[in-house]
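Just so you know, residue 1 is the first one in the sequence shown, and it goes up from there.
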Amino acid sequence: MSQSPPDHTVDAARLPVMLSTLRLPSIGRHWQGFADRADREGWGAARYLAALCDHELADRDARRIARHLAEAGLPRGKTFASFEFAAVPTIRKAHLTALGNGDAWLEQGANILCFGPSGTGKSHAAAAIGHALVEGGRRVLFTRTTDLVQKLQAARRDLALPAMLSRLDRFDCLILDDLGYASKDQAETSVLFELIAERYERRSLIVTCNQPFSEWNRIFPDAAMTVAAIDRLVHHATILEFNAESYRRRTAAAAAGIAA
């Protein structure tokens, strides 16, 4: 007695549910279009599956980058594309964009230190590097130094400082903006030093500051702590000098000229 051949048909109506359960939303959206193309062009099963997987992986990367950009707190619009390199001759575009690739110095737990007067592009450059790092798959957090110091100090009061430092350790790079404005209160600067010491040679920092090292006694009131902080930051560091006229001053002068 002959047997009926096995039924190899697929209930296409079940695919959306199965793909949702497997957490493959991109394949869920695009499988039908790829199937139609595969039928027209005579793709084999392996090519069809590879095309779907490539699309899912690319979409997953895009979603991850979007999440990391949202958590990074980077200022809007501060990228390499909007940075005025011509206004800061001490900063080379090739050098800055290479730092944005990040692989070598991040793997070393190295730092980037940006010095210069207010309004010369330090924060913009730091944010642009951070944005490029996120686009490259890294996790970054941009924060005003004073804001982070206050959170660290509150965590210490709540006996939760180790836990907070551990959470910050998830970020490949912390961008501490305007370190020079941090209070020189002993309690606040001690938690800042703990952060620097905790990340030393393991996780990277980008620091912007409008005060040279010779004036860091205004940030760290204890001389030994000042030396120790500088020593840890400078070791394996790239130092960028922003010697230029303030962008805000140039903009105001240009506006005044137009008004005149």
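Counting heavy atoms from C-beta outward, Leu99 and Ile112 have side chains that approach closer than 4.5 Å.
Cys173 and Leu205 make their closest contact through SG-C, 4.4 Å (heavy atoms, listed as atom of the first residue, atom of the second, distance). The two residues Asp103 and Glu107 make their nearest non-hydrogen contact at O-CG, 2.9 Å. The minimum heavy-atom distance linking Ala38 with Tyr48 is given by the pair CB-CD1, 4.1 Å.
With values rounded to the nearest 0.5 angstrom, Leu15 atom CG is found 5.0 Å from Trp31 atom CH2. Within the model, atoms CG of Leu106 and CG of Asn111 stand 10.0 Å from one another, a figure rounded to the nearest 0.5 Å. Put simply, CG on Leu195 and NZ on Lys151 are 12.5 Å apart, with the number rounded to the nearest 0.5 Å.
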* Asked: What do the steps show when you test Ser190 against Asp222 for side-chain contact (heavy atoms from CB on, under 4.5 Å), and what is the final call?
  -> CA-CA 9 Å; Ser190 65; Asp222 180 82; over 6 Å; no

* Asked: Is there a side-chain hydrogen bond (donor to acceptor under 3.5 Å, both in side chains) between His124 and Ser82 once you walk through the steps?
  -> CA-CA 9 Å; His124 189 152; Ser82 58; 3.1 Å; yes

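Relative ring orientation between Phe220 and Phe193 is described as perpendicular, the plane-to-plane angle rising above 60° on a 0-90° scale split at 30° and 60°.
Pairs engaging residues 68-83 under the salt bridge (Lys or Arg N to Asp or Glu O under 4.0 Å) rule: Glu71-Arg139 [sequence neighbours left out].
Annotation: ring-ring contact (aromatic ring centres under 6.0 Å, His included) contacts of Phe213 (sequence neighbours excluded): Phe115, Trp216.
Taking the six-membered ring wherever Trp is involved, the centroid distance between the rings of Phe80 and His131 does not fall below 6.0 Å.
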